[in-house]
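To keep things clear, I will list the structure first and then write my remarks on it.
Computed from a predicted model, the values in this text were never measured in an experiment.
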Amino acid sequence: MTLVATAQSMRDREATVRRFALTDTIFHNTAKGAAILVLLILSGVAISLVAGSWEALSKFGPAFLTTESWNPVTENFGALAPIYGTVVTSAVAILIAVPIGIGIAIFLTELCPRPLRRPIGIAVELLAGIPSIIYGIWGLFVFAPFLQTTVQPFLIALFKNIPVLNSVFAGPPYGIGMLTSALILAIMVLPFITSITKDVFDTVPSVLKESAYGIGCTTWEVMRRIVVPYTRVGIMGGVMLGLGRALGETMAVTFVIGNAHRISASLLAPGTTISATIANEFTEADGDLYTSSLVALGLILFVLTFLILALARYMLMRIERKAGA
Amino acid sequence: MTVAAATSLHSRRKVRNSAMMTLCVVAAGIGLAWLALILGALVWKGLAGVNLAVFTEMTPPPGDAGGLLNAIYGSVVMTVIAVAVGTPVGVMAGTYMAEYGRFSKLTTVVRFINDILLSAPSIIIGLFVYELVVRPMGHFSALAGAVALAILVIPVVVRTTEDMLNLVPNTLREAGTAIGAPRWIVIRSVAYRAALSGIVTGILLSIARISGETAPLLFTALNNQFWSSNLNAPMASLPVTIFQFALSPYEEWQQLAWTGALIITLTVLGLSIFARSLTGRREDR
């Protein structure tokens, strides 16, 4: 009687263990499948963009990258003007955002009274949470008119007689244009640069900073000579991450860039960027070649941001390893 | 002579230090002022148009008064579908990376790719979904919009799930294993429970991210002037409606755009502050 019961319970246990093993395998493989799906999404993006842009790329070839003309009527498309606009607005934005971002990071790590640190840090990060369409509508209705009536006439007058600069800031003041886009992009990437710079500043061993203070360095000298050199790679990573964001930013730029397919030396002139062109024209594009050319623009943007972001992640990984060691 | 030189060097260094530190304070002031300016303008212009009609009436034809009901409804529907699709995938992928394959090659690769997806331009995701869903189906649809948003949800959830599961102490898992629980039960009943508030934070942050996204919806869900609950047809959404109305010459439409912008911003900021308070309490403990 007892023997039979034990045999029965042994069988039950075996069945339970086998069931557990099976469900665990299922769970393991589902999880693994989800992880692989992430890889598939990115490769799917790459494949679909290449497939969608094939028609345009095979028709125009490498000249697509160097042609300025963008003419839906004659179906002659070139990406030079959007590429130029994307690169110039992002570069100017980064030039403005990097010093301000590092300044805020120094303020938060060295100067700010402790109770204010968290609220101010959160406030700056909230800037990152505001959707880009909000920046767009604010830029178009509030910021652009302000620039048009005050800053831009001032810049035009200021550089009127200085060669080179007078063509960079050539009038008339439209309000919207490349400079306005660059300024709004600068506000948008600021939080990314600030929060990453602040994080890498925190990885500096206190003993390094204390030694410098101990031999009589001022706060600025400690930041400039110890903290910044120690974290250079991480700061570069943060800047690259901000650059990646700026290059791909769509809605805010679409509102204020002016959407003009031309390359002009003046920062005050309207222009266009890759993302703004796609956002503005995609649903109205008639003809396969037009659509395909827009997808080709998307492919260029994808490759550009992929390279920049990969570089950024690589740099940040290096500083993480340094902090871990 | 040397003493004088030393004093002047000393005061020069001090002056330089205060100058640079003042600039840092100014930089922080600029950051905060900008946030205040944007929020101020938004509240000022947006509040002027807030009334009951915004939440009860459809988007009007040009020149008429109306509301944003169909746009709000569309946004909610697409966000819910996107989160329902994206969250399980993201949580499972994060689970693999933190639990089963913490030291595997695949995890390193997925983490790298996921970080790139996290900051990839959302308009590119829109193009991808256009090629993947809209072109084969032959028309724009709310479903395509939801798919695009789901692809934006996944990397946020993957990232936070992995980070939060990595914070769960291994002794907890060992205790579970020691009483004979198989791995997936340990993960489900021990690891998930310990990391719950962090994972929920990730989901909330992903909702905050997609509720303001415009670019991926432009050519997937398109827009719709009328009430529609058909997932297989174009559907209005708050961000796309704002885009269309703000760039129009009609005053009523522009006012609705501002009001919509205020609604979105309050939602997004509310969600991210709430999400932060969830994890903030964890740190204090």
Checklist entry - For Thr218(A), is it the side chain, the backbone, both or neither that has a heavy atom under 4.5 Å from a heavy atom of chain B? => result both

Checklist entry - With only heavy atoms counted, which part of Leu132(B) is less than 4.5 Å from chain A, the side chain, the backbone, both or neither? => result neither

Next on the checklist: Students often mix this up, so state it plainly: with edges at 30° and 60°, are the rings of Phe143(A) and Trp34(B) parallel, tilted or perpendicular?
Outcome noted: perpendicular

Item to check | Largest heavy-atom contact set with chain A, pairs under 4.5 Å, which of Asn114(B), Val25(B), Thr265(B) | outcome: Val25(B)

Checklist entry - Which atoms of Thr254(A) come close to chain B, meaning under 4.5 Å heavy atom to heavy atom: side chain ones, backbone ones, both, or neither? => result side chain

Checklist entry - Would one find more than 12 heavy atoms of other residues, nucleotides or ligands at under 6.0 Å from atom NE2 of His139(B)? => result yes

Checklist entry - Under a 4.5 Å heavy-atom cut-off, does chain B meet the side chain of Leu140(A), its backbone, both or neither? => result side chain

Item to check | Side-chain heavy-atom pair Asp24(A), Tyr100(B) within 4.5 angstrom cut-off | outcome: yes

Item to check | Thr283(A) to Leu218(B) - nearest heavy-atom pair and separation | outcome: CG2-O, 3.6 Å

Checklist entry - When rounded to the nearest 0.5 angstrom, what is the spacing between CD1 in Ile30(B) and CD1 in Ile104(A)? => result 8.0 Å

Checklist entry - Under a 4.5 Å heavy-atom cutoff, which of Pro99(A), Gly33(A), Gly244(A), Gly44(A) has the most pairs with chain B? => result Gly44(A)

Checklist entry - Checking heavy atoms, do the side chain of Glu213(B), its backbone, both or neither come under 4.5 Å from chain A? => result neither

Checklist outcome for this item: Okay, Leu247(A) and chain B: the region with an atom under 4.5 Å from a heavy atom over there is neither

Item to check | Atom group of Leu32(B) that falls short of 4.5 Å from chain A, counting heavy atoms | outcome: side chain

Checklist outcome for this item: In terms of heavy-atom pairs under 4.5 Å with chain A, the winner among Ala257(B), Ala246(B), Ala261(B), Pro88(B) is Ala246(B)

Checklist entry - Quick one: does Thr214(B)'s side chain get under 4.5 Å of Pro131(A)'s, heavy atoms only? => result no

Next on the checklist: Minimum heavy-atom separation for Gly31(B) and Leu127(A), please, with both atom names.
Outcome noted: O-CD1, 3.8 Å

Checklist entry - With a cut-off of 6.0 Å (strictly less than), are more than 12 heavy atoms of other residues, nucleotides or ligands near CZ of Arg224(A)? => result no

Checklist entry - side-chain contact (heavy atoms from CB on, under 4.5 Å) between His28(A) and Tyr96(B): does it pass, once the steps are laid out? => result CA-CA 7 Å; His28(A) 186 156; Tyr96(B) 175 79; 3.9 Å; yes

Checklist entry - Quick one: what part of Val109(B) sits under 4.5 Å from any heavy atom of chain A, side chain, backbone, both or neither? => result both

Next on the checklist: For chain B, which candidate among Phe192(A), Phe302(A), Phe107(A) shows the most heavy-atom pairs at distances under 4.5 Å?
Outcome noted: Phe107(A)

Checklist entry - What are the two closest non-hydrogen atoms of Gly212(B) and Ile133(A), and how far apart are they? => result O-CG2, 4.1 Å

Checklist entry - Given Phe255(A) and Phe243(B), is the ring pair (Phe, Tyr, Trp, His ring centres under 6.0 Å) satisfied, shown in steps? => result CA-CA 8 Å; Phe255(A) 270 92; Phe243(B) 179 54; 5.6 Å; yes

Checklist entry - Between Ala215(B) and chain A, which part of the residue has a heavy atom less than 4.5 Å away: side chain, backbone, both or neither? => result both

Item to check | Selection from Lys45(B), Glu131(B), Met97(B), Lys14(B) maximising heavy-atom pairs under 4.5 Å formed with chain A | outcome: Glu131(B)

Item to check | Contact winner vs chain B - Thr305(A), Leu111(A), Val124(A), Ile106(A), heavy-atom pairs under 4.5 Å | outcome: Leu111(A)

Item to check | Top contributor to chain B contacts, counting heavy-atom pairs under 4.5 Å, from Ile130(A), Leu190(A), Val17(A), Ile278(A) | outcome: Ile278(A)

Item to check | Distance in Å, Met223(A) CE paired with Cys24(B) SG, rounded so as to fall on 0.5 Å steps | outcome: 7.5 Å

Item to check | Between Ile100(A), Ile137(A), Leu309(A), the one whose heavy-atom pairs under 4.5 Å with chain B are most numerous | outcome: Ile137(A)

Checklist entry - How many angstroms lie between CE in Met251(A) and CD1 in Ile242(B), if you round to the nearest 0.5 Å? => result 10.0 Å

Checklist outcome for this item: Residues Cys217(A) and Arg13(B): closest non-hydrogen pair is CA-NH2, 3.7 Å

Checklist entry - Is it true that atom CZ of Arg16(B) has more than 12 heavy atoms of other residues, nucleotides or ligands lying nearer than 6.0 Å? => result no

Next on the checklist: What part of Leu271(B) gets within 4.5 angstrom of chain A, counting heavy atoms only: side chain, backbone, both, or neither?
Outcome noted: neither

Item to check | Phe306(A) CZ to Leu117(B) CG distance, which is reported to the nearest 0.5 Å | outcome: 9.5 Å

Next on the checklist: Between Val142(A) and chain B, with a heavy-atom cut-off of 4.5 Å, which part of the residue counts as in contact: side chain, backbone, both or neither?
Outcome noted: side chain

Next on the checklist: With a 4.5 angstrom heavy-atom cut-off, is it the side chain or the backbone of Ile274(A) that approaches chain B, or both, or neither?
Outcome noted: neither

Checklist entry - Quick one: what part of Ile134(A) sits under 4.5 Å from any heavy atom of chain B, side chain, backbone, both or neither? => result side chain

Item to check | Inter-residue atom distance Leu301(A).CG - Ile123(B).CD1, 0.5 Å rounding | outcome: 8.0 Å

Item to check | From Arg276(B) atom CZ to Arg118(A) atom CZ, the distance as rounded to the nearest 0.5 Å | outcome: 8.0 Å

Item to check | Heavy-atom proximity to chain A below 4.5 Å, by part of Leu205(B) | outcome: neither

Next on the checklist: In this structure, is the centre-to-centre distance between the rings of Phe282(A) and Tyr130(B) below 6.0 Å?
Outcome noted: yes

Next on the checklist: With a 4.5 angstrom heavy-atom cut-off, is it the side chain or the backbone of Ile151(B) that approaches chain A, or both, or neither?
Outcome noted: side chain

Checklist entry - Would you say the side chain of Tyr135(A) lies within less than 4.5 Å of the side chain of Ile38(B), judging by non-hydrogen atoms? => result yes

Checklist entry - For Arg111(B), is it the side chain, the backbone, both or neither that has a heavy atom under 4.5 Å from a heavy atom of chain A? => result neither

Item to check | 4.5 Å side-chain heavy-atom contact, Arg313(A) and Ser119(B) | outcome: yes

Checklist entry - So which heavy atom on Ala34(A) is nearest to which on Val89(B), and how close? => result CB-O, 3.5 Å

Item to check | Contact winner vs chain B - Ile187(A), Ile36(A), Leu126(A), Leu108(A), heavy-atom pairs under 4.5 Å | outcome: Ile187(A)

Checklist entry - Can you name the closest pair of heavy atoms from Trp138(A) and Leu37(B) and give their distance? => result NE1-O, 3.8 Å

Item to check | Contact origin within Thr291(A) toward chain B - heavy atom pairs under 4.5 Å | outcome: side chain

Item to check | Close side-chain approach of Phe27(A) and Met92(B), heavy atoms under 4.5 Å | outcome: yes

